[in-house]
Novice: 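I'd like to ask you about the structure that follows.
Residue numbering restarts at 1 for every chain, and letters A, B, ... go by the order of the sequence lines.
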Number of protein chains: 2
Amino acid sequence: MSKRVQPSPLDAFDRKILAILQRDNMTPQRTIGDAVNLSAPAVQRRIKRMREEGVILADVSVVAPEAVGQSITIFVEVEVISETADQIERAKTEFAAAPEIQQCYYVTGEADFILVIVVPSMADYEALTRRLFFGNNNVKRFRTFVAMDRVKVGLGVPLE
Amino acid sequence: MSKRVQPSPLDAFDRKILAILQRDNMTPQRTIGDAVNLSAPAVQRRIKRMREEGVILADVSVVAPEAVGQSITIFVEVEVISETADQIERAKTEFAAAPEIQQCYYVTGEADFILVIVVPSMADYEALTRRLFFGNNNVKRFRTFVAMDRVKVGLGVPLE
DNA sequence: GACCCCGACGAAACAAAATTGCAAACAGAC
DNA sequence: GTCTGTTTGCAATTTTGTTTCGTCGGGGTC
């Protein structure tokens, strides 16, 4: 199920390449090569390997939510009643399936799940809570935080 | 300062293209064209326009945090003492500057900021809290949630 | 209705980038 | 020192992105 193939260790070249790609994956390999002192084909082979090994999970465009009418970002802390493996698995599956849920994490602490949700309006959010939380009798409680400002949004990982 | 240029409305073609790109932005334009019934140049013009208008914010590779030794994801709710515009701005700037902070949102509700943090170890997180929270006398309180499972992670927005 | 203008399209030509084949450099094992 | 693996750079090939150009269709004007 996992995409990882071999945990082949990353060297300094790989990390530099990753640092560039996670900022802009349309950078020409030639340019990357110049930046890291490697030929374009060498860079390309490393990228290919990292994709195969699952170091690079995906290559995506980041779409501005407001531009497509999804102007509201919401955080939700969800606390469940039963924490049996079965129930947790069920919750994970349900959350993962909802397209409005951009991110879902299973966490320790005072909550069990933290969700990042993107919707066009509060009415849509209200409808979603009805479906997802009130309609799920394993949800004990949930707390909502509405984002006023997306100060920093990304999936970039600290490198080097 | 903003990247938006003109809020030219998106049609069904644009949305279909975005849906493809936010899943895989390495899809050849010809392939996209076939999928949406448009020629490659038409697709390319639309993509170019959406980039210029800020509909497409960025094009990035998604790196697996574990693969680069950043195996711990943490959520933090931060509550500040003073909520003057000045202090909030200062906090935003500071959070945005930290590379370990992957995401930062300014929110309503029981907290003021929600952070998503990626670190190699709890020790690193501890050091970060010391620097970021204990070292900041405007932080009243913060709550930590450690992710046990990244159930769903992405920046994709619901389209159509 | 005839006209023009504007915008978007597709086909083809073109440019640039990615990919592959191959020989050489290098590192470690014996 | 020689062998074997791996990784590299260069050059040829292929794929992809980009530009050009002629055409089509809608809207406004006279």
Novice: Of the nucleotides D:dT16, D:dT8, D:dG9, which one has an atom closest to the side chain of A:Arg46?
Specialist: D:dT8
Novice: Applying a 4.0 Å non-hydrogen cut-off, can you work out what A:Pro41 is touching in the nucleic acid: base, sugar-phosphate, or nothing?
Specialist: base
Novice: Quickly work out the B:Ile32 CD1 to C:dG10 C1' distance and round it to whole Å.
Specialist: 17 Å
Novice: Just verifying a value: how many Å separate B:Leu57 CG and A:Ser61 OG, rounded to the nearest 0.5 Å?
Specialist: 10.0 Å
Novice: For B:Arg30 and D:dT19, what is the distance between atoms CZ and C1' respectively, to the nearest whole Å?
Specialist: 13 Å
Novice: Starting at atom CG of A:Asn37, determine the distance to atom C1' of D:dT7, rounded to an integer number of angstrom.
Specialist: 16 Å
Novice: Without decimals, in angstroms, what is the distance between A:Phe13 CZ and D:dT6 C1'?
Specialist: 14 Å
Novice: Any idea which of C:dT20, D:dT19, D:dG9 is nearest the B:Gln44 side chain?
Specialist: D:dT19
Novice: Could you state the atom-to-atom distance from CD of B:Glu52 to P of D:dT18 in whole Å?
Specialist: 12 Å
Novice: When you check the phosphate oxygens OP1 and OP2 of C:dT19, does a side-chain N or O of A:Gln29 lie under 4.0 Å from one of them?
Specialist: yes
Novice: Over how many whole Å does the gap from B:Asp11 atom CG to C:dC9 atom P extend?
Specialist: 8 Å
Novice: Roughly how far apart are B:Ile20 CD1 and B:Thr31 OG1, rounded to 0.5 Å?
Specialist: 9.0 Å
Novice: Could you let me know what D:dG5 is paired to, Watson-Crick or G-U wobble, both distances under 3.5 Å, or none if it's on its own?
Specialist: none
Novice: Determine whether any donor atom in the side chain of B:Arg45 lies under 3.5 Å from an acceptor atom in the base of C:dG7, or the reverse, and answer yes or no.
Specialist: no
Novice: For D:dG5, does the O4'-C1'-N9-C4 (purine) or O4'-C1'-N1-C2 (pyrimidine) torsion place it in syn, i.e. within 90° of 0, or in anti?
Specialist: syn
Novice: Under the ring-ring contact (aromatic ring centres under 6.0 Å, His included) test against A:Phe142, which residue among A:Phe75, A:Phe113, A:Phe134 passes?
Specialist: A:Phe134
Novice: Nearest whole angstrom, please: distance from the P of C:dA16 to the CG of A:Asp34.
Specialist: 16 Å
Novice: Partner lookup for D:dT16, please. Criteria are Watson-Crick or G-U wobble with both distances under 3.5 angstrom; report none if nothing qualifies.
Specialist: C:dA15
Novice: For the pair A:Asn138 (side chain) and A:Ser82 (backbone), establish whether a donor and an acceptor sit closer than 3.5 Å, ignoring hydrogens and angles.
Specialist: yes
Novice: Tell me the interatomic distance from A:Asp14, atom CG, to D:dT8, atom C1', rounded to whole angstroms.
Specialist: 14 Å
Novice: Which is true for B:Arg49 with a 4.0 Å heavy-atom rule: it touches a base, it touches only sugar-phosphate, or it touches nothing?
Specialist: nothing
Novice: Any side-chain donor-acceptor pair under 3.5 Å between B:Asp124 and B:Ser121?
Specialist: yes
